[in-house]
Amino acid sequence: MSEENNQYTFENPEYRATYWHTCSHVMAQAVKRLWPEVKLAIGPSIDEGWYYDMDAPFAFTPEHLEQIEGEMRKICKEKLKLERFELPRPEALTFMEERDEKYKVELINDLPEDAAISFYKQGEFTDLCAGPHLDSTGRIKGNALKLTACNAAYWRGDSSRETLQRIYGIAFPKKDELDEYLAKIEEAKKRDHRRLGKELGLFMLRDEGPGFPFFLPKGMTLKNTLLDYWRKVHKKYGYVEISTPIMLNRQLWERSGHWDHYKNNMYTTVIDEVDFAVKPMNCPGGMLVYASEPHSYRDLPLRVGEIGLVHRHELSGALHGLFRVRCFNQDDAHVFMTREQMQDVIQETVRLFDEVYSVFGLSYTIELSTMPEDHIGTVEEWERNQDILKAAITAMGKEFVINEGDGAFYGPKLDFHLADSLGRTWQCGTIQLDSQLPERFELEYTGEDGQKHRPVMIHRVVLGSIERFIGVITEHFAGAFPAWLAPVQVKLLPVTDRAAEYAAKVSAQLDAQGFRVEVDGRNEKIGKKIREATLEKVPFMLVVGDRDMENGTVSVRRRSGEDLGAMSLEDFAALLDGEVKEMTIK
RNA sequence: GCUGAUGUGGCUCAAUGGCAGAGCAUCUCACUCGUAAUGAGAAGGUUGUGGGUUCGAUUCCCACCAUCAGCUCCA
């Protein structure tokens, strides 16, 4: 297909965005027809569809959304031409002031001096907009659009300003495509880790501890398996492991800057009349470990890992299954180094990330987060460190986007985002470059010259939080974890209770070889046992009955339904062992 | 934290201003069975919590808690 042919199809992201953007205008027009008192804010197209933020004196309900959809269909049928025109600033302001559109007035006032102020008019409706747009509302397929949700959003993303109502919509050129899209969303919801976590017995959340997850036996096995792998791969990359206390005194947190810059998120208590804080980060403890003995330049870079349990007081409305919790384990590490080693260490860390993510088949996007308003250290230092991060990944040929002002208070960072089943992304890995804490803790090493020097450091996590990562991979694998990760790798299914003893013997042998095995010894039909083991997403089922007892075999079935037939226990163990090894460390 | 919605046995979901019901799971009994649900029976709930309205509230109202969607924030 030539590019020309592609221009006006949904394959073309620009056309798609234009289509959705025009949809947002049609939606705004429909709302203004139904409720002229509603004030309009902004209505862009997004990755999937569009939204429009509005200020209405009532709350939109699903019934309102249907009404709006109906009016939108009418507008599509009316085939209104979209006409662009520009106005000089004073006329533009008057235009919107007359219509009492205060948000539009604010937008116009904030446009740069020399900006062209453009409007799009369709029928009786005119909106401030840079465009581009379709040429007619008739281009939009009225029966292939749907308003999917209505939620709150702050005007200009500022939580101190007006709360607006954001209506989301999606549309396609054909009804079939809309139906397919909606079905896909429904399918994705089945992979939600909160649902699978319950179904598979991985974890639970209780009202008694909002945001504080409980790990159940299967989830704990998964977590431990993940940590075993983490330890192996970090050993390979030259890391050592430590553990630092969960609570430390106020003086330490003042020194690190957390007391001044992070206190809102910290849980504090008083012990023997002294303020203490539960750690929200592991770094200050790590600083104390580094400072506890002298270091030589020969020891650098020094890679110190810690699976650290941290607590952060997140806003109640931000909690989300395992993705956003108040208590989590970071697979943290601090790497101390000389200034000259910075770029190499960052690149080595990115290579470690690539190795880990590839084992799970995860792909990521990188964001470079720059200096926030609330920070420590000089602007020059920040810029220098930002440039090093940029140079390091650019040299590796990696793409990244800049996330302005989102760095940690002590330094800029590279964030690695992974997607969940609905395509929402969650920050997992991060590499944070820090020359502030070494300063504050007066860290030193002795150089080749015999003089004391100050090291710099990175804070980094690969998985991010073990909890969040478990959520991400649960959705990624739809609960069907590869054999090396599966909480139960093999389920023995005796056909009758005559085979119970044989099943126990086979189970014991596999267990002795380090495999995770369960026996379903219930007095149920084999079909039912298979069904349930399949729903539990156990990678291998071993059916054992009279025939197997006689021949000394096991009948192997995969959770996919594939029947591998009868084989000796040795052959099966070799097969399983192969699958486990294939997926883990190289 | 903000806006809106939701909250009924372990799970999924019904119902009603007047005795709260089903399926799955659980327990008991029978069946001993070869690749996605054997049958019968039993037990299990002060309808999230606390107030209010009412002769009577699970249902209506208020507050709180939690969850869900999004915003804000963030691993």
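Since the model is a prediction, treat every value here as computed from it, not as a measurement. Every chain is numbered from 1, with letters handed out A, B, ... down the list of sequences.
Looking at heavy-atom distances under 4.0 Å, A/Arg326 makes no contact with the nucleic acid at all. The residue A/Val310 sits apart from the nucleic acid: no heavy atom pair falls under 4.0 Å. Among the heavy atoms of the strands lying under 4.0 Å from A/Glu314 is at least one base atom, whether or not backbone atoms are also near. Among the atoms of the strands shown, only primed sugar atoms or phosphate atoms (P, OP1, OP2) are found under 4.0 Å from some heavy atom of A/Lys413. Within the 4.0 angstrom heavy-atom criterion, only backbone atoms of the sugar-phosphate kind lie near A/Lys198; the bases stay farther away. Base contact: A/Arg557 has a heavy atom under 4.0 Å from a base atom. A/Asp207 comes within 4.0 angstrom of sugar-phosphate atoms only, judged by non-hydrogen atoms across all strands, and of no base. The residue A/Ser555 sits close to a base: some heavy atom pair falls under 4.0 Å. The residue A/Glu199 sits apart from the nucleic acid: no heavy atom pair falls under 4.0 Å. Within 4.0 Å (heavy atoms only), A/Ser159 reaches sugar-phosphate atoms of the nucleic acid but no base atom. Among the protein residues, A/Thr534 comes within range of the nucleic acid bases, having at least one heavy atom under 4.0 Å from a base atom. Nucleic acid contact class of A/Ile526 (heavy atoms, under 4.0 Å, all strands): sugar-phosphate only.
Aromatic ring centres of A/Trp155 and A/Tyr103: separated by under 6.0 Å.
Around the CE atom of A/Met204, the shell of radius 6.0 Å holds more than 12 heavy atoms that belong to other residues, nucleotides or ligands. For CD of A/Glu501, the number of neighbouring non-hydrogen atoms (other residues, nucleotides, ligands) closer than 6.0 Å is 12 at most.
Residue-to-nucleotide contacts include a donor-acceptor pair under 3.5 Å from the side chain of A/Asn523 to the base of B/C33. Looking at A/Asp546, its side chain has no donor and acceptor atom pair within 3.5 Å of the base of B/G34. Counting atom types as modelled, A/Arg324 pairs a side-chain N or O with a base atom of B/C73 as donor and acceptor under 3.5 Å. Evaluation of atom-type donor-acceptor distances gives no pair under 3.5 Å for the side chain of A/Asn151 against the base of B/U3.
As a whole-Å value, the separation of A/Glu536 CD from B/U35 C1' is 16 Å. Distance, A/Leu205 CG to B/G7 P: 20 Å, rounded to whole Å.
The side chain of A/Lys528 contributes an N or O atom lying less than 4.0 Å from OP1 or OP2 of B/A25. An OP1 or OP2 oxygen of B/C73 is reached within less than 4.0 angstrom by no side-chain nitrogen or oxygen of A/Arg312.
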